[in-house]
Amino acid sequence: MIKITLPDQSIKQFNPGITGLEIAKSISEGLARNVLSISVNGETRDLHRPIHEDARIKLHTFDDREGKATMWHSSAHLMAAAIEELYPGTKFGIGPDIDQGFYYDIDLGDRSISSNDFEKIEQKMLEIARRKEPFVRKEIPKKEALEYYSEKGDEYKVDLINDLEDGTISFYTSGNFTDLCRGPHLPDTGTIKAVKLLNTAGAYWRGDESRKQLTRVYGISFPRQKMLKEYMEMLEEAKKRDHRKIGREMELFAFSAKVGQGLPLWLPKGAELRENLEKFLKQVQRKAGYKPVISPHIGHKNLYVTSGHYEKYGEDSFRPITTPSEGEEFFLKPMNCPHHCEIYKNKQYSYKDMPVRLAEFGTVYRYEQSGELHGLTRVRGFTQDDAHIFCRPDQVKEEFIAVIDIVLHIFKALDFSDYSVQISLRNPANKEKYIGSDENWERAEKAIIEATEEKGLTGEIVTGEAAFYGPKLDFMVRDALGRKWQLGTIQVDYNLPERFDLEYTGADNLKHRPVMIHRAPFGSMERFVAVMIEHCGGNFPLWLTPDQAIILPISEKYEKYAKKVFNLLNNYEIRTLIDERSEKTGKKIRDAETRKIPYMLIVGEKEEASETISVRKHGEGDIGVFSVDAFAKLVEEETLKMIQP
RNA sequence: GCCGAUGUAGCUCAGUUGGUCAGAGCAGCUGAUUUGUAAUCAGCUGGCCGGGGGUUCGAAUCCCUCCAUCGGCUCCA
């Protein structure tokens with residue numbers, strides 16, 4: 001007998017050779033129906049692979065990440081099988097599962113497929129799925145594997161196998177499709193009940209621009225038809241919330257081919273929204289001891305030679321601007337830190353002055369490849385809510401904690417309740433890649449880890465993901481649709497203080513090198529506004545939204561009273577509009593609702609007589625009659641609730 | 001930059017195989033209406049069918065090219 005330890009620490013005894021599926025059956029029929037794969041001592045495996053020794057196991061269903069991965073990976077094989085049947089002679093690259101579904105990179109030779117062909121392929125996939133073709137694992141020597149694919153003429157698989165270590169290689173066969181694959185897979189194709197191909201794209205073989213471009217077909221699959229329906233509805237909802245669409249509808253921002261691609265134009269309402277965000281952060285930062293600074297939009301080439309950016313990005317940036325007579329070269333500012341280093345250098349500092357925190361909403365320009373541009377999330381000109389903290393090495397941790405506090409405060413004010421962090425550390429096996437002393441790295445990494453622990457942040461630590469100049473902490477949020485976005489970042493930097501020869505005088509009267517912390521809680525205003533729009537679908541928090549209330553007079557007769565209310569609300573600094581059109585109240589309400597204005601204030605005969613307003617809340621309806629003062633109080637409370645620390 | 005797709009009024013979209021095909025709804029403007037919690041009625045103005053070139057007796061429709069947008073790839077200080 002072997003001992004199988006389940007995740008709840010209970011131990012069950014089985015005969016050696018038991019399979020995951022049999023274990024599942026011994027627990028419950030329902031689990032046996034839904035289980036997709038199994039982890040054995042931390043390694044994800046096929047359900048039907050026998051287990052011969054004591055092991056800790058976990059059974060995976062579609063509810064967990066591993067189960068989804070198995071379903072989608074097997075679906076990639078299923079799609080490949082369907083494509084091979086429909087387009088014989090197709091060569092296959094790689095076909096992994098991804099965050100949302102799967103893809104397969106294929107080489108169709110002279111043919112091509114487009115979304116018009118999707119239905120045909122989906123039908124073929126379902127046809128094969130219904131045959132319940134088992135996924136059969138086979139291990140064969142590398143040499144045989146090479147012969148098989150050489151004969152088949154599939155150079156991509158040959159390429160992949162050549163990179164594998166000598167020995168046996170695993171293959172999976174389902175029906176007449178055999179694929180080089182580590183696994184694991186579903187027991188058979190029958191578990192795949194619903195498939196949908198989503199789009200196609202070009203993808204370089206092995207991600208290498210110089211190699212051949214294959215056709216990548218994306219798809220997703222589910223164990224139930226209903227789940228596919230829900231997924232498609234989620235996609236629809238995401239489409240409705242697309243910040244490019246809402247940005248146009250709500251007149252927040254626009255692009256103009258004449259101004260240039262990737263250069264956003266902030267319209268009055270968008271500018272208002274952004275200013276509200278900036279005002280909020282400026283206030284928070286002032287309290288946290290930041291000093292505002294302002295630096296120009298261009299900088300001398302020498303600045304970027306010193307910072308190292310010229311060497312690294314000079315060729316791939318906008319061409320330099322040269323002066324007519326002297327021929328001096330200037331670059332559009334791609335980041336604020338070099339300027340801020342020079343601001344720091346303008347003065348001598350004692351250890352008692354540290355930390356020095358310089359903040360700027362600095363607009364930067366970066367050349368992004370044309371195909372990369374995307375709405376407000378990827379642009380060529382954007383504004384960072386940037387700040388650089390120059391501190392002593394022993395202050396890194398407390399500064400980190402203070403920055404985390406700011407980030408969390410912002411998340412609360414903007415209703416992002418689901419967030420996590422990623423700590424990126426250096427790869428200790430490859431220290432040459434990084435600059436800065438071991439001591440400083442260890443201190444900084446320890447500081448980041450401790451700071452996140454003290455703040456109770458959940459997240460993962462990834463070694464080898466640090467920048468060459470220091471470790472970093474990135475914040476990820478999930479929006480209302482469960483999509484993950486990377487927002488703020490905090491980075492420790494040993495490089496720039498060195499390059500700019502920054503120093504402060506210590507208690508020992510010697511010169512010391514400060515540590516620099518880059519931080520941007522929003523990241524960029526453009527990107528953040530985009531995420532914000534998609535998170536709330538354009539229904540911004542009251543304190544942020546460009547127009548907070550709109551007065552709807554029942555008829556022209558009450559315009560005078562409407563103006564009076566308007567003036568009173570102005571005194572309370574409530575951003576208010578009046579709808580003076582000769583429309584019926586129903587129409588005015590409908591329009592205000594579509595414009596996503598939080599409060600509609602209806603004024604007619606009754607209200608004028610009693611000096612009140614009838615308040616209707618967006619998305620909710622009539623909430624009763626208020627005096628202007630009472631309404632102002634309501635707005636104030638709702639605002640404070642969000643933005644107070 | 002690369003692969004693929006798309007581009008018709010401010011917005012959303014119709015326009016069969018090239019031959020009254022330049023249209024609709026919303027928005028906008030004008031007038032009437034003076035309105036009570038998600039659309040009052042009527043009339044009118046909007047487009048060189050993304051730009052340029054070509055094929056043709058004839059192009060929104062076919063071809064080339066450029067531009068922009070979309071989905072990815074590569075990139076992202």
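Since the model is a prediction, treat every value here as computed from it, not as a measurement. First the proteins, then the strands, lettered A, B, ... as listed; each starts at 1. Computation of the quantities below employed the complete heavy-atom set of this structure, encompassing side-chain atoms and omitting hydrogens, waters and symmetry-equivalent molecules.
Using a 90° window around 0 for the glycosidic torsion, B:G46 falls inside it and is classed as syn.
Of the two residues contacting RNA chain B, namely A:R248 and A:A257, the nearest-nucleotide position lying further toward the 5' end is that of A:R248. For the pair A:H618 and A:K557, both in contact range of RNA chain B, the more 5′-proximal nearest nucleotide belongs to A:K557.
Counting to the nearest Å, the C1' atom of B:C76 and the CD atom of A:E526 are 15 Å from each other. Note: NZ (A:K239) to P (B:U69) measures 19 Å, nearest angstrom. At whole-Å resolution of the value, NZ in A:K258 and P in B:C67 are 16 Å apart. The nearest whole Å value for the distance from the CD atom in A:E583 to the P atom in B:U35 is 14 Å. A straight line from CD1 of A:I550 to C1' of B:U37 spans 14 Å, rounded to a whole angstrom. Protein atom CG of A:L373 is 14 Å distant from nucleotide atom C1' of B:G71, rounded to whole Å. What separates CZ of A:R216 from C1' of B:C2 is a distance of 13 Å, to the nearest Å. With rounding to whole Å, A:L265 atom CG is found 15 Å from B:A68 atom P.
A salt bridge is defined here as a Lys NZ or Arg NE, NH1 or NH2 lying under 4.0 Å from an Asp or Glu carboxylate O, and A:R616 with A:E593 meets this definition. A salt bridge links A:R483 to A:E534: at least one charged side-chain nitrogen sits closer than 4.0 Å to a carboxylate oxygen. Residues A:R581 and A:D591 are paired through a salt bridge, judged by an N-O separation under 4.0 Å between the basic side chain and the carboxylate.
Between A:Y310 and A:Y304, the distance separating the two ring centers is not shorter than 6.0 angstrom. You'll find the ring centres of A:F631 and A:Y599 inside the 6.0 Å limit.
For A:S582 against B:U33, a side-chain N or O and a base N or O form a donor-acceptor pair under 3.5 Å. One N or O donor and one acceptor, one from the side chain of A:Y204 and one from the base of B:G1, sit under 3.5 Å apart. Contact annotation: side chain of A:E607 to base of B:G36, donor-acceptor pair present below 3.5 Å.
In this structure, A:G604 reaches the bases: a heavy-atom distance under 4.0 Å links it to at least one base atom across the strands shown. Among the atoms of the strands shown, only primed sugar atoms or phosphate atoms (P, OP1, OP2) are found under 4.0 Å from some heavy atom of A:T585. Contacts of A:D622 with the nucleic acid, taken as non-hydrogen atoms under 4.0 Å apart, include base atoms. Using a 4.0 Å heavy-atom cutoff across all strands shown, A:G371 reaches at least one base atom of the nucleic acid. Contact annotation for A:R616: base contact, defined as any heavy-atom pair under 4.0 Å involving a base atom. Across all strands shown, A:A203 has heavy atoms under 4.0 Å from sugar-phosphate atoms exclusively, and none from any base. When heavy atoms are screened at a 4.0 angstrom cut-off, A:Y103 is found touching no nucleic acid atom at all. No contact: A:K312 has no heavy atom under 4.0 Å from any strand. At the heavy-atom level, A:R378 lies under 4.0 Å from base atoms of the strands shown. Contacts of A:K588 with the nucleic acid, taken as non-hydrogen atoms under 4.0 Å apart, are absent. Counting non-hydrogen atoms under 4.0 angstrom, A:Q213 reaches a base of the nucleic acid. In this structure, A:S614 reaches the bases: a heavy-atom distance under 4.0 Å links it to at least one base atom across the strands shown.
Distances shorter than 4.0 Å separate none of the side-chain N or O atoms of A:Q369 from OP1 or OP2 on B:C76.
Taking atom P on both B:G23 and B:U55, the two are 29 Å apart, rounded to the nearest angstrom. Nucleotides B:G31 and B:C67 are separated by 43 Å at their C1' atoms, to the nearest Å. Annotation: B:U6 and B:U16 have their P atoms spaced 15 Å apart (nearest Å). Rounded to whole Å, the separation between the C1' atoms of B:G58 and B:C62 comes to 13 Å. Taking atom P in both B:U8 and B:A60, the straight-line distance is 15 Å, to the nearest Å. Rounded to whole Å, the separation between the C1' atoms of B:A22 and B:G15 comes to 9 Å. A gap of 47 Å separates the P atoms of B:U40 and B:G53, to the nearest Å. Atom P of B:U61 sits at a distance of 11 Å from the matching atom of B:G18, rounded to the whole Å.
Tested against A:H518 for a side chain to side chain donor-acceptor pair (under 3.5 Å), the candidates A:Q384, A:Q491, A:H388, A:H340 yield a single pass: A:H388.
In the set B:U35, B:G71, B:A27, B:A27 carries the atom at the smallest distance from any side-chain atom of A:K587. In this structure, of B:U34, B:A77, B:A38, it is B:A77 that holds the atom nearest to the side chain of A:H309. The side chain of A:I589 lies closest to B:A38, out of B:G1, B:A77, B:A38. Out of B:A38, B:C75, B:C70, the shortest distance to the side chain of A:R244 is found at B:C70.
Summarising the base pairing, B:G7 is matched to B:C67 through a Watson-Crick or G-U wobble pair whose two defining distances lie under 3.5 Å. In this entry B:G23 has B:C13 as its Watson-Crick or G-U wobble partner, both defining distances falling under 3.5 Å. In this structure, B:C76 makes no Watson-Crick or G-U wobble pair, since no nucleotide meets both defining distances under 3.5 angstrom. Across all strands shown, B:U33 forms no Watson-Crick or G-U wobble pair with both distances under 3.5 Å. Across all strands shown, B:G58 remains unpaired; no Watson-Crick or G-U wobble contact has both distances below 3.5 Å.
For the residue pair A:D159/A:W205, the side-chain donor-acceptor check at 3.5 Å is satisfied. With hydrogens and angles left out, the side-chain atoms of A:T545 and A:R575 include no donor and acceptor closer than 3.5 Å.
Stacking is not found between A:Y218 and the pyrimidine-like six-membered ring of the B:G72 base under the 5.5 Å centre-distance and 30° plane-angle cut-offs.
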Original post:
salt bridge (Lys or Arg N to Asp or Glu O under 4.0 Å) between A:D163 and A:R206: does it pass, once the steps are laid out?
Top reply: CA-CA 12 Å; A:D163 276 7; A:R206 308 208 121 182; 2.6 Å; yes
